[in-house]
Amino acid sequence: MEKLWGGRFSKNTNKKVDDFNSSIRFDMRMYRQDINGSIAHCEMLAKQGIIPKPDAKLIVKTLGEILNDIENGKITFSVEAEDIHMNIEKLLTERIGDTGKKLHTGRSRNDQVALDLRLYLRDECEKVCRLIADLKKTLISLAERHIDTIMPGYTHLQKAQPILLSHHLMAYCEMFCRDTQRLEQCVARINISPLGSGALAGTVYPLDREFVAAQLGMKAVTKNSIDAVSDRDFAIETCFVMSMIMMHISRLSEEIILWASDEFNFIELDDAYSTGSSIMPQKKNPDIAELSRGKTGRVYGDLIALLTTMKGLPLAYNKDMQEDKEQVFDAVDTVLMTLPIFTEMLATMKINKKNMQNGVKRGFINATDAADYLVKKGLPFRDAHKVIGEMVAHCIAEGKRLEQLTMDEFNSFSNLFEDDIYHILSYQACVDARNVKGGTATEQVTDAIFRAKKSLNP
Ligand code: ARG
């Protein structure tokens, strides 16, 4: 097959070179963006008098037909035509001959591929945004339903202080809110048109770059042609945002896995979102959470691979940059695949409220409140800390919880203790005492849920 760029060559490309060089296998997914970009470019060329209007009309019409044919599975792409850009141009010239050859006026594949990838990632990031909104809704509705479920809060995975399950869930909601902001900021940097940058230096034609950008719903045009064709920051940033999302999902997955274990028994995953063992009949495994955690590593890999690909490249375009696509596609695909199933797994899991609440009864989780009680009675915090430490040691020896000590026992450690200590040590009181902004008190968490709901449906 004759190459679109074959003029200066006297030999055909080696078959292995075609295979090695070709990106059609993975960039064909950008066919819609490529065609829409070409249509906008073509309409602009006609508007500027660079190509005749009837030619532009025919090109636009034919590109529409090609789009249709691709969508209906009627097109087989060719490896020899290398990539999606040249495959579509080839289809166009096959259908309308010389007129089709005018489309690439004032354009290079270098600004074309940058445009296509930007358009593609913009749309994918918007999909991710919507899926994160679903996840946030699920977390918020779980938090709402469990506003009265107390559970142990942990540091070092050791019981620390009682918290509301809702507060714990809303912590994740905060992370996903930041992810949404990051996605929006990332899209703002993606959604800029590089067309008009040509191969690297700009173009000699009087293009209307802003017109093309506006046609494609892009907010601005790039400011430096060399940067525009060699910049893949936006793809790396997309990988980073995907990595951050996966990191958050992975942390929650880890908790789901722990909570579903017999040792915790805080939750039960729905049968439809769990799997069995091929040998152990009793098993019910949290595979979805585990795979979500596992896929996080792969998305980090995409980020590091792309950073590494870019780090040694001189300006401007280098073919190395073709390696950007599989990585950023994989990162986005993985997130798009993980989010819906992860959200459904959360939405369908059963919370074992009783076990969570029983969990607070071990581990002297109200010890800080006992110390704070003595502080309020005038003891310096360090002394209070020591007194309660000794009481905990006593409780361990006696097999008792703090709130099971008699008044006499309390007073043998400090005569500042009075009857009200029993109320102070109740777990609900421990929770509601933390009525500081952002704290676990029911009032604060209710407020956080209210604000989160409002931000989802402003
Ligand atoms: N398939 C190429 C890529 O993905 C398109 C750009 C090719 N440009 C060039 N000068 N060879 O990067």
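Indexing begins at 1, ligand by ligand and atom by atom, following the structure's order.
Contacts between K325 and ligand 1, counted as non-hydrogen atom pairs separated by less than 4.0 Å, involve the side chain only.
Ligand 1 has no N or O atom lying under 3.5 Å from any N or O atom of H85, backbone or side chain. On a distance-only criterion, Q322 and ligand 1 share at least one N/O pair closer than 3.5 Å. Residue E82 places no N or O, backbone or side chain, under 3.5 Å from any N or O of ligand 1.
The side-chain heavy atoms of L258 and L157, taken from C-beta on, include a pair separated by under 4.5 Å. At a threshold of 4.5 Å between non-hydrogen side-chain atoms, the residues M356 and F266 count as touching.
Distances below 4.0 Å separate heavy atoms of S23 from the following atoms of ligand 1: 1 (N). Atom numbering of ligand 1 starts at 1 in the shown order; those under 4.0 Å from a heavy atom of D83 are 1 (N), 2 (C), 5 (C).
The nearest protein atom to atom 11 (N) of ligand 1, hydrogens excluded, is given as R109 NH2, 3.5 Å; this is a heavy-atom distance. Shortest contact from atom 6 (C) of ligand 1 to any protein heavy atom: Y317 OH, 3.4 Å. Nearest non-hydrogen protein atom to atom 10 (N) of ligand 1 is N110 OD1, 3.0 Å.
We find that D19 and K16 are not joined by a salt bridge, their nearest charged nitrogen and carboxylate oxygen being 4.0 Å or further apart. With respect to the salt-bridge test (charged N to carboxylate O, under 4.0 angstrom), the residues D148 and K353 qualify.
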Check the pair R118, D231 against salt bridge (Lys or Arg N to Asp or Glu O under 4.0 Å), reporting the backbone distance first and the verdict last.
CA-CA 11 Å; R118 283 172 180 272; D231 165 28; 3.0 Å; yes

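For K47, the NZ atom counts as densely surrounded, since its 6.0 Å shell holds more than 12 non-hydrogen atoms of other residues, nucleotides or ligands.
The cationic atom of R251 (NZ for Lys, CZ for Arg) does not lie both less than 6.0 Å from the six-membered ring centre of Y172 and within 45° of the ring axis.
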